[in-house]
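The structure appears below as structure tokens.
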Number of protein chains: 2
Amino acid sequence: MTPERSWWGWGTTDRALSDDECVALGGLVPGLPDRPRAVPRVEDVTLPVSRLAPPSSLPVTTDPAVRASHTYGKAYRDVVRALSGDLPGAPDAVACPVTEDDVVRLLDWAGSAGVVVVPFGGGSSVVGGVEYRGDRAWLSMDLTALDRVLEVDPVSRAARIQAGALGPVLEEQVRPHGLTLRHFPQSFEFSTLGGWLATRAGGHFATLHTHIDDLVESMRFVTPAGVSESWRLPGSGAGPSPDRLFLGSEGTLGVVTEAWMRLQDRPRFKASTSVTFRDMTTATAAVREIAQAGLYPANCRLLDPGEAALSGASSSGECVLVLGVESAVHPVEGRLAELTDLAHAHGGAVAARAGARDGAAEAWRSAFLRMPYVRDGMARMSAIVETFETACTWDRVEEVYATVQAEIGAAVQEVTGAPGLVNCRFTHVYPDGAAPYLTVIAAGRLGSEVAMWDDVKTAAMEVLGRLGATVTHHHAIGRDHRPGYDRQRPEPFAVALRSVKAALDPAGILNPGVLIDPV
Amino acid sequence: MTPERSWWGWGTTDRALSDDECVALGGLVPGLPDRPRAVPRVEDVTLPVSRLAPPSSLPVTTDPAVRASHTYGKAYRDVVRALSGDLPGAPDAVACPVTEDDVVRLLDWAGSAGVVVVPFGGGSSVVGGVEYRGDRAWLSMDLTALDRVLEVDPVSRAARIQAGALGPVLEEQVRPHGLTLRHFPQSFEFSTLGGWLATRAGGHFATLHTHIDDLVESMRFVTPAGVSESWRLPGSGAGPSPDRLFLGSEGTLGVVTEAWMRLQDRPRFKASTSVTFRDMTTATAAVREIAQAGLYPANCRLLDPGEAALSGASSSGECVLVLGVESAVHPVEGRLAELTDLAHAHGGAVAARAGARDGAAEAWRSAFLRMPYVRDGMARMSAIVETFETACTWDRVEEVYATVQAEIGAAVQEVTGAPGLVNCRFTHVYPDGAAPYLTVIAAGRLGSEVAMWDDVKTAAMEVLGRLGATVTHHHAIGRDHRPGYDRQRPEPFAVALRSVKAALDPAGILNPGVLIDPV
């Protein structure tokens with residue numbers, strides 16, 4: 001039996017924290033209530049009356065429970081609002097296309113009826129990408145019924161995959177061919193290929209092919225102005241890349257319906273280990289040298305002391321670097337040794353028992369997958385638990401790390417009256433820079449949690465923008481990142497994007513407010 | 001003393017073939033004249049009267065020799081037309097901006113005066129990208145005075161480089177820092193960073209980072225609607241990539257003035273070898289396995305028997321695979337051994353004396369750099385000597401190779417009355433496909449060479465389009481590839497591109513006819 005999906009929080013209900021677990025966690029943050037907030041039953045939540053009565057020929061429902069579960073993504077602020085039964089902006093209806101033709105017909109109808117359409121994959125957006133904040137009637141278009149692998153090309157190692165396939169659903173279908181997409185974002189179980197493409201998701205690999213973009217061979221993309229299909233090509237220099245314009249368009253220009261994706265042989269050889277460093281300065285220098293050595297480790301995740309402690313990787317105040325190498329063809333111990341030699345030369349202490357499995361690495365992975373459930377449990381205790389992420393060049397990494405720590409710490413202090421935790425890890429590294437990922441944990445006040453987090457988030461966007469660090473490395477823009485994005489995006493590109501929007505979505509129905517403002 | 005640049009042909013005049021060398025080469029192709037066509041002196045060429053009298057405050061010249069040398073790129077058909085003194089479409093004037101502000105002022109003036117502007121880097125386009133085929137007055141904008149490295153960030157290994165810097169000019173400026181861009185297209189000496197960016201040039205590396213696109217950290221891009229500057233970021237997921245829209249825009253949307261480029265440490269360890277295979281089927285299987293093994297050789301160039309013979313790599317009717325590995329950090333013999341093991345398992349015979357230098361590899365490299373001069377010498381003998389290139393997924397590589405060989409061979413036979421040579425090499429390989437590069441050598445008829453080649457090229461575009469192989473892997477679209485490009489480009493993307501063009505270049509002055517038609 002498939003476990004039930006949570007309508008308000010992360011993942012499946014069977015993995016949600018119990019009340020007792022919430023209380024135990026809440027004890028770690030001074031100043032929280034004694035008991036968790038109750039979880040409202042979806043049938044008790046009041047929704048606005050639907051303004052839509054789509055033709056019965058279209059696959060659309062106005063079922064309240066379905067509407068409720070498509071109101072928000074899964075950001076902290078989404079979870080808190082849902083927990084509070086606060087759903088005034090619920091979609092008027094939810095469409096569940098089962099064919100690409102359904103998508104075309106839905107867009108045609110919505111265009112003629114002036115109905116807003118917000119594409120919805122797994123619904124795991126943490127940036128307000130799947131809700132609508134305007135006044136028009138709107139349709140959430142859930143694409144998860146388009147979940148099949150339609151074709152596999154074992155010679156080129158590629159597959160044509162429908163965009164609504166969740167991570168495990170697509171992996172299950174390519175596994176019999178000995179192949180894997182190997183794109184494992186934290187949301188893997190609850191996000192779709194189309195969502196990854198629409199948001200330029202970051203995945204499994206810490207180096208080299210960090211974003212889903214590089215795994216795309218071609219895409220089918222339904223716009224109100226017609227269907228775009230790029231050719232299957234391993235590489236091309238024929239004008240600006242069509243795919244690269246639609247990748248990251250976040251549902252504002254069209255809907256991905258399928259893509260030919262580059263797969264890989266399943267890895268046969270793996271090795272991983274962890275290295276501890278006494279401080280972030282030495283650790284950062286080591287990671288930079290590793291990132292610039294052309295060795296391309298699959299994993300190269302640096303945890304600062306707070307993050308190492310929180311995840312159980314180390315409680316001694318040190319930084320922990322988790323390194324992993326994999327190959328489908330050759331043993332990888334030699335490569336791992338080259339990596340650890342570089343780390344050792346910077347004063348890193350390599351874990352004695354390097355091998356296929358490593359304690360710190362395992363602890364990290366387990367905590368990683370559990371984290372969203374913990375976040376929801378903490379949210380029920382009125383804690384503030386949220387993340388944000390960025391990337392910058394190496395010349396600024398230390399300044400960004402130190403400044404963000406200081407300023408977000410100060411913002412948390414100001415908003416909550418207590419210091420809270422501001423932890424950092426580097427999730428992806430590049431020859432020219434790194435992607436720091438921040439976790440904030442603090443005591444919220446019941447009923448004010450969203451406003452409190454929004455104040456911290458505003459401070460985060462301000463400091464990142466000031467330092468020239470990207471507003472997002474892989475969480476996307478949605479609605480929540482618009483202020484930082486508007487600052488970062490070159491104005492002529494904004495002009496270009498608006499012109500494309502007007503040309504491909506002349507009725508302005510697609511995800512208005514994301515990336516660009518409705519005209 | 002800097003050698004003089006040829007106004008009609010490739011490179012510098014000191015390296016052009018002598019008349020005797022032309023005759024000797026001509027002897028290899030039956031049916032050619034006894035003597036080479038004379039090279040016209042630029043001062044003897046008749047140019048149309050310039051229709052432009054730009055304000056004296058702008059850096060513009062109407063010097064006939066300068067206009068003549070900016071009339072065409074360096075395709076075979078360009079060289080033949082120039083040799084024939086056939087320059088009716090010469091630019092009315094040539095601009096030589098020395099600052100970005102000059103570029104802005106030139107675009108402002110051209111926009112208000114309705115003058116067409118064609119950006120010109122090294123002028124090495126082989127696709128008609130730097131000429132103009134319309135009726136309006138036009139300005140060739142030569143950017144080579146913008147040739148400085150403005151800033152080097154040794155920590156992030158990146159440099160801010162002006163777009164007009166030729167390959168050797170920029171390498172010379174970053175070398176003192178121990179760094180290199182390591183982008184070495186065949187045109188390296190005579191093409192610019194801006195040209196590479198505008199055309200998505202292919203470079204040194206046979207795998208992984210094959211195109212200049214991946215080496216871009218940020219770009220400054222002057223459009224008639226304003227200057228776009230992206231942030232320096234190692235990676236980002238903030239909406240569709242602004243850089244990726246402008247990369248490959250071939251002067252139709254704006255002019256690249258500078259870019260932060262990702263550099264590398266100069267390689268300290270290199271190893272290369274060659275492997276021979278009895279036929280293309282086994283060689284292709286070996287190369288595919290190598291491309292899919294995650295080893296990322298710097299060089300992985302497969303020469304078919306004709307190409308191997310022509311370049312002197314092998315005259316025994318075998319295929320030759322040239323493999324090279326390099327690193328700035330670690331010895332690479334182990335990696336090379338992993339590669340040759342894979343090749344050997346497919347029946348490849350590995351050259352006995354593998355090492356830092358390999359005979360077949362050296363022969364190839366020497367022939368590679370000499371080839372454009374040979375092409376010009378052959379052109380003077382009325383031979384047809386030209387190349388075209390493509391890419392396709394592995395499932396179609398053998399079919400594309402066989403079909404192109406057959407159909408282009410037939411086209412050459414039909415056009416010239418003799419079979420000619422149709423050789424192939426794979427210049428770049430990917431996990432999901434390869435980039436075949438074709439060389440055609442045949443006997444032309446004096447005065448008809450361009451028309452004869454155009455017939456062969458039309459056949460090439462037709463067969464590639466029919467097989468779903470890209471019209472260009474790295475030579476760009478320009479004007480010559482428009483029919484194939486229009487077939488390949490998804491229509492909604494064409495709609496998007498036209499809308500961007502209208503928004504950023506409302507007067508339609510920038511390189512009209514390239515990529516999209518003037519409105």
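In this text the structure is predicted, and so the values were computed from the model without any measurement. Letters A, B, ... mirror the listed sequences (proteins, then strands); counts begin at 1. Scope of the values below: all heavy atoms of this structure, side chains included, with no hydrogens, waters or symmetry mates.
- Contacts of B:V329 with chain A are made by side-chain atoms alone, with heavy-atom separations under 4.5 Å and no backbone atom involved.
- For a residue to count as touching a neighbouring chain, one of its non-hydrogen atoms must lie under 4.5 Å from one of that chain's; by this rule B:L515 touches chain A with the side chain only.
- Using a 4.5 Å cut-off between heavy atoms, B:T199 contacts chain A through its backbone alone, with no side-chain atom that close.
- Residue A:L253: no heavy atom, backbone or side chain, is found under 4.5 Å from chain B.
- With chain A as partner, the option from B:F221, B:W260, B:Y485, B:W231 having the largest number of non-hydrogen pairs under 4.5 angstrom is B:W231.
- Minimum interatomic distance between B:P234 and A:C392 (heavy atoms only, all atoms of both residues): CG-O, 3.3 Å.
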**Study point:** Chi angles and distances behind the side chain to side chain contact (heavy atoms under 4.5 Å, CB included) call for A:V227, B:E491
**Key:** CA-CA 8 Å; A:V227 179; B:E491 182 53 28; over 6 Å; no

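- Residue B:A328 does not touch chain A at all, counting heavy-atom pairs closer than 4.5 Å.
- Proximity to chain A (any heavy atom under 4.5 Å) is shown, for B:E338, by both the backbone and the side chain.
- When heavy atoms are compared at a cutoff of 4.5 Å, B:R489 does not approach chain A at all.
- Contact count against chain B (heavy-atom pairs under 4.5 Å) is highest for A:S241 among A:S241, A:G484, A:A158.
- When heavy atoms are compared at a cutoff of 4.5 Å, B:H211 approaches chain A solely by way of its side chain, counted from C-beta outward.
- Neither the backbone nor the side chain of A:A494 comes within contact range of chain B; no heavy atoms are under 4.5 Å apart.
- In terms of non-hydrogen atom pairs under 4.5 Å with chain B, the most contact-rich of A:H481, A:R396, A:R335 is A:R335.
- The residue among B:A503, B:A476, B:G235 with the most heavy atom pairs within less than 4.5 Å of chain A is B:G235.
- Across B:S228, B:G433, B:P242, the residue that shares the most heavy-atom pairs under 4.5 angstrom with chain A is B:P242.
- Contact count versus chain B (heavy atoms, under 4.5 Å) is highest, among A:G239, A:S327, A:G226, for A:G239.
- Contact annotation for B:A434: only backbone heavy atoms (N, CA, C, O) come within less than 4.5 Å of a heavy atom of chain A.
- Looking at B:I212, there are no atoms closer than 4.5 Å to chain A (heavy atoms on both sides), in backbone or side chain.
- Interface summary for chain B: among A:G334, A:G465, A:A201, the most heavy-atom pairs under 4.5 angstrom belong to A:G465.
- Here B:R288 contributes atom CZ and A:S156 contributes atom OG; the two are 7.5 Å apart, rounded to the nearest 0.5 Å.
- In terms of modelled atom types and a separation under 3.5 Å, the side chain of A:R200 and the main chain of B:S236 share a donor-acceptor contact.
- Residues A:P240 and B:L247 form no side-chain contact, since every pair of their non-hydrogen atoms from C-beta on lies 4.5 Å or further apart.
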Check your understanding: Would A:R232 and B:D432 satisfy salt bridge (charged side-chain N to carboxylate O under 4.0 Å, His left out), going step by step from the backbone distance to the final call?
Key -> CA-CA 10 Å; A:R232 284 188 63 195; B:D432 60 335; over 6 Å; no

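- Neither the backbone nor the side chain of B:A435 comes within contact range of chain A; no heavy atoms are under 4.5 Å apart.
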Practice item. Begin from the C-alpha positions of B:L504 and A:V495 and carry the test side chain to side chain contact (heavy atoms under 4.5 Å, CB included) through to its verdict. Key: CA-CA 7 Å; B:L504 296 184; A:V495 169; 4.0 Å; yes

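- Residue contact with chain A, scored on non-hydrogen atoms closer than 4.5 Å, involves the side chain of B:D153 exclusively.
- Your options are A:T252, A:D214, A:V500, and the one with the most heavy-atom pairs under 4.5 Å with chain B is A:V500.
- For the set B:E229, B:R262, B:Q488, the entry with the most heavy-atom pairs within less than 4.5 Å of chain A is B:Q488.
- Interface summary for chain A: among B:A496, B:G248, B:A238, the most heavy-atom pairs under 4.5 angstrom belong to B:A238.
- Using a 4.5 Å cut-off between heavy atoms, B:V127 makes no contact with chain A at all.
- Counting heavy-atom pairs closer than 4.5 Å to chain A, the top residue among B:E250, B:H330, B:H473 is B:H330.
- The parts of B:R244 that come within reach of chain A are both its backbone and its side chain, each placing non-hydrogen atoms under 4.5 angstrom from that chain.
- Within residues 289-297 of chain A, the residues having any heavy atom under 4.5 Å from a heavy atom of chain B are, by residue number, A:Q292, A:A293, A:L295, A:Y296.
- Contacts of B:L208 with chain A are made by side-chain atoms alone, with heavy-atom separations under 4.5 Å and no backbone atom involved.
- Atom OG1 of B:T223 sits about 13.0 Å away from atom CZ of A:F493, to the nearest 0.5 Å.
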